[in-house]
There are 2 protein chains.
Amino acid sequence: MGGSRIGEQGDGVLRLTKKADYGLMALKYLAEHPDSVSVSAKDIADTYGIPPQLLAKVLQRLTKVGLLRSHAGMNGGYALSRQAQQISAFEVIHAIDGPLFITSCTKGSKSCDLEPNCTIKEPLARVNESIAGVLKSISVYDLVDADTAAARGQDGLVTLLHSQAV
Amino acid sequence: MGGSRIGEQGDGVLRLTKKADYGLMALKYLAEHPDSVSVSAKDIADTYGIPPQLLAKVLQRLTKVGLLRSHAGMNGGYALSRQAQQISAFEVIHAIDGPLFITSCTKGSKSCDLEPNCTIKEPLARVNESIAGVLKSISVYDLVDADTAAARGQDGLVTLLHSQAV
DNA sequence: TGAAGTGCGACAAATTTAGTCCTATACTGA
DNA sequence: TCAGTATAGGACTAAATTTGTCGCACTTCA
């Protein structure tokens, strides 16, 4: 990183909720088990030690949004509705956490609650889009094998940023 | 599950706290008033209609970190300790919100609390660095005049991302 | 000396996130 | 057809975080 690394390594700025984490972990798991016709929420939850009911809700949400296909009943569960390469981290996070804005003061399409002064919002909105772009360039498949992903040429955006910016 | 806002426009991913917002707004204000020797927290708070005491704390923090210089007593207040061009949004956000990690499960340098399975963390760490890079490429000066910033060549990273990603 | 500042620690309120409970419904297989 | 296993989802509680307030000590300057 340029020079002002303050502590440890791995500082960051983006904050994912646990639900988004769970969702990404689950999709990764599904991508790693293409053999299984469908995997139950409980199986995944057990594997990672996360609350089954909470994961269930996350998966239900991902199903609702169309990223997963569900199957009730015995031997039921979930499966990716597309190839892992075709599902971006952005889609997952967006589906679970909903649209988040870079500035806290931006709610929906309304401007700042009280003041017309939040002139900071506009320039940061572009940053926001940049970040969305990065997230869109990462697929669930990339999560499965990060090294492979790094070697690929397709994510030039990410590697570009990685080498140039940090 | 909380709000299920699905539609809208202007989606984003990065979430800043209000404190970080306030900090950026204050720095922007200071950058816009280079004439003033020092500006009090109250002045800025009044301008933007934000809680004075809260802003005070934010400014104190920025001072502690070295981004601002403070002066107590009458006619006291704060001033940028460097040129606005030399202060990145990353520094501000990091100073106020502290190091945030892209995955919620990463605490300090420890791995996931319970499981050794959070293999998602590692690939996302690179995304994290990318985002940090974007934020580092944005200066307080850029907030003052976003259009000027867009025209400049120096933030090629941002414009690149902007055009390619979203 | 007193008014106007910063510097800080403790605390209270508000909001968000995480997790649980309960019930309904769907599918499967014996 | 019935019992067991799974998804679907609403309501609710608990925990954590964020936001904001209060009070006091200290500094500066007129």
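Naming convention: chains lettered A, B, ... in sequence-line order (proteins, then strands); numbering from 1 in each chain.
A straight line from NZ of A:K19 to P of D:dA16 spans 16 Å, rounded to a whole angstrom. Regarding A:K42, its NZ atom lies at a distance of 19 Å from the C1' atom of D:dA8, rounded to whole Å. Between the C1' atom of D:dT19 and the CG atom of B:D97 lies a distance of 12 Å, rounded to the nearest Å. Rounded to a whole Å, the OH atom of A:Y78 is 17 Å from the P atom of D:dT5. For B:I50 and D:dG20, the CD1 to P distance is 9 Å, given to the nearest whole Å. Rounded to whole angstrom, the span from the CD atom of B:Q60 across to the P atom of D:dT27 amounts to 14 Å. B:R69 has its CZ atom 16 Å from the P atom of C:dT6, to the nearest Å. Regarding A:L68, its CG atom lies at a distance of 9 Å from the P atom of D:dA8, rounded to whole Å.
OP1 or OP2 of C:dT17 has not a single side-chain nitrogen or oxygen of A:Y22 nearer than 4.0 Å. Taking 4.0 angstrom as the limit, B:S70 places a side-chain polar atom (N or O) nearer than this to OP1 or OP2 of C:dG7. The side chain of A:H71 places an N or O atom within less than 4.0 Å of a non-bridging phosphate oxygen (OP1 or OP2) of C:dT28.
No salt bridge links A:E129 with A:K136; every basic N to acidic carboxylate O contact stays at or beyond 4.0 Å.
With rounding to the nearest 0.5 Å, the separation of CZ in A:R61 from NZ in A:K19 is 9.0 Å.
When each of B:T17, B:L54, B:I44 is checked for a side-chain contact (heavy atoms from CB on, under 4.5 Å) with B:Y22, only B:L54 meets the rule.
Taking the side chain of A:A72 as heavy atoms from C-beta on, and the options C:dC21, D:dG20, D:dT7, the nearest nucleotide is D:dT7. You'll find that the side chain of A:K64 is closest to D:dG9, out of D:dG9, D:dG20, C:dG5. Of the candidate nucleotides D:dT19, C:dA3, D:dT21, D:dT21 has the atom lying nearest to any side-chain atom of B:Q53. With C:dT6, D:dT19, C:dG29 as the candidates, the nucleotide lying closest to the side chain of A:N75 is C:dG29. Distances from the side chain of B:M74 to the nucleotides C:dT28, D:dA8, D:dC29 place D:dC29 closest.
The backbone N or O of A:F90 lies less than 3.5 Å from no partner atom in the side chain of A:H94, so there is not a single donor-acceptor pair. A distance-only check finds no donor-acceptor pair linking the side chain of A:S36 to the backbone of A:S38 [under 3.5 Å].
Contact annotation: side chain of A:K57 to base of C:dT20, donor-acceptor pair present below 3.5 Å.
If you check every strand for non-hydrogen atoms under 4.0 Å, B:A56 touches nothing.
Mapping A:G73 and A:P52 onto DNA chain C by nearest heavy atom places A:P52 closer to the 5' end of the strand.
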